[in-house]
Chemist: 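This is the structure I want to talk about, given as structure tokens.
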Number of protein chains: 4
Amino acid sequence: METATNKRKDILEAGLMLFAERGYDATTIPMIASKANVGAGTIYRYFVNKETLMNQLFREYVTLFLETLRTGYPNEGTCRQQFSHIFNSMVRFTLDNEHALYFIKTHNRPRVLDEESVALYQELLDFTRDYFEAGKKTGEIRKMPANALIAIVFGAFIQLHQLVREGAVDETPQLLRDYEESCWDAVRAH
Amino acid sequence: METATNKRKDILEAGLMLFAERGYDATTIPMIASKANVGAGTIYRYFVNKETLMNQLFREYVTLFLETLRTGYPNEGTCRQQFSHIFNSMVRFTLDNEHALYFIKTHNRPRVLDEESVALYQELLDFTRDYFEAGKKTGEIRKMPANALIAIVFGAFIQLHQLVREGAVDETPQLLRDYEESCWDAVRAH
Amino acid sequence: METATNKRKDILEAGLMLFAERGYDATTIPMIASKANVGAGTIYRYFVNKETLMNQLFREYVTLFLETLRTGYPNEGTCRQQFSHIFNSMVRFTLDNEHALYFIKTHNRPRVLDEESVALYQELLDFTRDYFEAGKKTGEIRKMPANALIAIVFGAFIQLHQLVREGAVDETPQLLRDYEESCWDAVRAH
Amino acid sequence: METATNKRKDILEAGLMLFAERGYDATTIPMIASKANVGAGTIYRYFVNKETLMNQLFREYVTLFLETLRTGYPNEGTCRQQFSHIFNSMVRFTLDNEHALYFIKTHNRPRVLDEESVALYQELLDFTRDYFEAGKKTGEIRKMPANALIAIVFGAFIQLHQLVREGAVDETPQLLRDYEESCWDAVRAH
DNA sequence: AATGAATGAGCCTTCATTCAT
DNA sequence: AATGAATGAAGGCTCATTCAT
């Protein structure tokens, strides 16, 4: 059937939105149920508990983002081209999944995340870290801790996305190009 | 006497640490009391309730950070010198107040923050925004939304601080210089 | 179904009994829950909070008592006949609702009662007051403040009911007749 | 010294007023301390605990009321004269001690009252009961449970006092005479 | 499979009581 | 003797989770 799948998806989407907007602890199961148009008990048919739902959600989107990053990654391209791919992945991913990147960025620390989720997140970090480390080796990327470089790029992007959602700025192609250029300047060696 | 003042300080410090590490909602009053070596009821001698404690804390540190930023700000200096002052303010402030900047960065949105706190935070944003807007006018700062520029500088710095605390990198003067340079390149016009 | 209705009723009945016996402040939610054979949280499915439960209860029984008073009230009867109806209403009402009249008598002052409840209680007072005022006009009722007359009749009745429950006296029809006669003599003009 | 005695009196008076107005459970020690212009801890210098304070208070005023009743009681007078004495005792006692009679009437049941207090209250009841029983024997008092008769007289009086305090009626000597007459008619045999 | 009523653990908060000053 | 800061037990209430329907 497709109904069951839809319920699961509804729950995940409601969870994503609420976790992103209010944080894990301030989000209640009834809230998720209500937003998903589902009985509270139904959530427990698809997820063991709130923590599991959260982890499932986290993994679902980290996986998806990883796929987005990996799909069409120009292994043989230049450092700049690879950066462009990464940046565009964020754009595309966010277009398809409104709150996902923000959710990932604000919920990537243990306490609720289980080992598997942490490991998966590591994978995401590693992918980006590898890129930066390689770039540092060739001298094209600035000599800074990779984590910090990652934070700059992700953090800036998420902040921009927020401004767009608030209506503070218009998300024109030009803005995105500027933004990419800016981030690139932020991490590239000078 | 000093005893009374100390209790209040103990509570604030415990709150700061826990709010920073676990977030507002995941931090319980008993946790704060325990970490402050204080009875749970004692907290209510100094603060109306959890929300008030949080706001008091927030304002205390935003005010302190604002003072740090304003003290010795080179109004007549170059854009670069002013940037340097801002960056060094973050360094000094974080040295004196471990978790404060991270706490501010992760708790600056309403829902628990009252109007006064939000207004105070605006003041902090405005200070930095003014700097960036002025820089954009003279063509020294990149044409990007000020909020995003702020996010880059703050976000990167906090991320670095975290790496330092985790022991992932050593906070050498050289690292800080590199970092400042990097952040500067991230926001300056090219 | 009937189950849901029963839970609500169980809670109301437990609340009535406890409020009557111990007073509002000395009655705890766990007490009510326990006496109603219900989880503490269940009470909050049916009532917003303790105060609301109290008000609901109060209104439920004041309404019921008002109905009892109004049903079959001999508008065209003599002053004495009307008095008889009022007295018998108390008897019948107390027979059906053990603690209700005592609860009403001991909880009719603000601080926990909301406006609606106070207004409803006024209605009850007004009904009886109207009776006494009319009687005073025709010279059949003693020239005393209606409130005091009401207190005499209600107060005496409740006291009697208490003696009956304690087993101190037997509630024979004869006793009730005597009692009614006594109350009548207490308020009628001489 | 006299200071100590005064503090004790201040506390008792504050307690009386608050217990009468809010009831025992809704009255807090800080409230009493504040109204008595005394530190909260001071209360524990004069009374073992809240319960003891309450009992002390209760006994103090029941004793005082008993004295008022007994002083000048016309043992050899007529039933009517004795009634008059009882009624006037209430008037005088209430004049000297605003809330005392109401406090006694609303707090005469166990749960907070200790044995000694209950016994003392019994004494008060017995005094009045004896009067009524004697009257019933001589046929001058109505054949009703003494408790109920007591309730009528006390209840009516307290209700009247309340109306006076609320300003709903003026406490003229005439009103008091009428009231006494009414109460007398309420209990006397016809 | 889906629901939502029911539960009770645990949180925030109050307040009787203690105790250092 | 007097104070009021400090405490922690206990109450009102929420919410993750279960379970009968």
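Here is the naming used below: chain letters follow the sequence lines, and residue numbers restart at 1 for every chain.
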Chemist: Applying ring-ring contact (aromatic ring centres under 6.0 Å, His included) to A:His99 and A:Phe103, what does each step give before you reach the verdict?
Modeler: CA-CA 6 Å; A:His99 308 80; A:Phe103 164 67; 9.9 Å; no
Chemist: For D:Ser34, answer base if it contacts any base atom (sugar-phosphate contacts may also be present), sugar-phosphate if it contacts only those atoms, and nothing otherwise; contact means non-hydrogen atoms under 4.0 Å.
Modeler: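 The residue D:Ser34 makes no contact with any strand.
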Chemist: Between F:dG12, F:dC15, F:dT7, which one does the side chain of C:Pro30 approach most closely?
Modeler: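 Nearest listed nucleotide: F:dG12.
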Chemist: What is the separation between atom CD1 on A:Ile11 and atom P on E:dA1, rounded to the nearest whole Å?
Modeler: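 Distance check: A:Ile11 CD1 to E:dA1 P gives 12 Å.
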Chemist: Can you tell me how far C1' of E:dT18 sits from CZ of D:Phe47, to the nearest Å?
Modeler: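 After rounding, the gap between these two atoms is 18 Å.
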Chemist: Round to a whole Å and report the spacing from NZ of B:Lys7 to P of E:dC19.
Modeler: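 The answer, rounded to whole Å, is 15 Å.
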Chemist: CZ of A:Arg8 versus P of E:dA2: gap in Å, rounded?
Modeler: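 Spelled out: CZ on A:Arg8 to P on E:dA2 is 13 Å.
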Chemist: E:dA6 phosphate, OP1 or OP2: any side-chain N/O from C:Tyr46 under 4.0 angstrom?
Modeler: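 C:Tyr46 to E:dA6 OP1/OP2: side-chain N or O found under 4.0 Å.
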Chemist: For DNA chain E, whose closest nucleotide is more 5', that of A:Ile43 or that of B:Asp25?
Modeler: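 The residue whose closest nucleotide sits nearer the 5' end is A:Ile43.
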Chemist: Classify the nucleic acid contact of B:Thr27 as base, sugar-phosphate or nothing, counting any heavy atom under 4.0 Å across all strands shown.
Modeler: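 Here B:Thr27 touches the backbone only, sparing every base.
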Chemist: Figure out the CD/P separation between D:Glu51 and E:dC15, and round it to whole Å.
Modeler: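 Value for this atom pair: 18 Å.
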Chemist: For D:Glu115, is the CD atom crowded, meaning more than 12 foreign heavy atoms sit under 6.0 Å from it?
Modeler: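 Incorrect, the count does not exceed 12.
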Chemist: For B:Ala40 and A:Tyr44, find the nucleotide of DNA chain F closest to each by heavy atoms; which residue's nucleotide sits nearer the 5' end?
Modeler: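 That would be B:Ala40.
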Chemist: Of the nucleotides F:dC15, E:dC12, F:dA6, which one has an atom closest to the side chain of B:Thr42?
Modeler: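 Shortest atom-to-atom distance from the side chain points to F:dA6.
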Chemist: Which listed nucleotide (F:dT7, E:dA5, F:dA2) is nearest to the side chain of C:Arg45?
Modeler: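 Selected nucleotide (nearest to the side chain): E:dA5.
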Chemist: Tell me which nucleotide, if any, is Watson-Crick or G-U wobble paired with E:dA9 when both distances must be under 3.5 Å.
Modeler: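 Partner of E:dA9: F:dT14.
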Chemist: Begin from the C-alpha positions of D:Arg8 and D:Glu60 and carry the test salt bridge (Lys or Arg N to Asp or Glu O under 4.0 Å) through to its verdict.
Modeler: CA-CA 12 Å; D:Arg8 191 178 182 281; D:Glu60 197 122 329; 3.7 Å; yes
Chemist: Do the side chains of D:Tyr46 and D:Leu12 get nearer than 4.5 Å, heavy atoms only?
Modeler: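 They are not in contact (no side-chain heavy atoms under 4.5 Å apart), so the answer is no.
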Chemist: Considering Watson-Crick and G-U wobble pairs with both distances under 3.5 Å, what does F:dA20 pair with?
Modeler: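 F:dA20 is paired with E:dT3.
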Chemist: Mind running side-chain contact (heavy atoms from CB on, under 4.5 Å) on D:Asp25 and C:Tyr24 for me, showing each step along the way?
Modeler: CA-CA 9 Å; D:Asp25 294 290; C:Tyr24 176 77; over 6 Å; no
Chemist: Could you state the atom-to-atom distance from CE of B:Met31 to P of F:dG8 in whole Å?
Modeler: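 From B:Met31 CE to F:dG8 P: 18 Å.
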Chemist: Counting any heavy atom closer than 4.0 Å, what does D:Ile29 reach on the DNA or RNA strands: base, sugar-phosphate only, or nothing?
Modeler: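 The answer is base, as D:Ile29 lies within the cut-off (heavy atoms under 4.0 Å) of a base atom.
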Chemist: Output the rounded distance in Å from NZ (B:Lys50) to C1' (E:dC11).
Modeler: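 The answer, rounded to whole Å, is 8 Å.
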Chemist: Side chain of C:Thr28 only, heavy atoms from C-beta on: which candidate in F:dG11, F:dC13, E:dA6 is closest?
Modeler: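 The listed nucleotide nearest to C:Thr28's side chain is F:dG11.
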Chemist: In whole angstrom, give the distance that lies between atom CE of B:Met54 and atom P of E:dT13.
Modeler: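 Atom CE in B:Met54 sits about 14 Å away from atom P in E:dT13.
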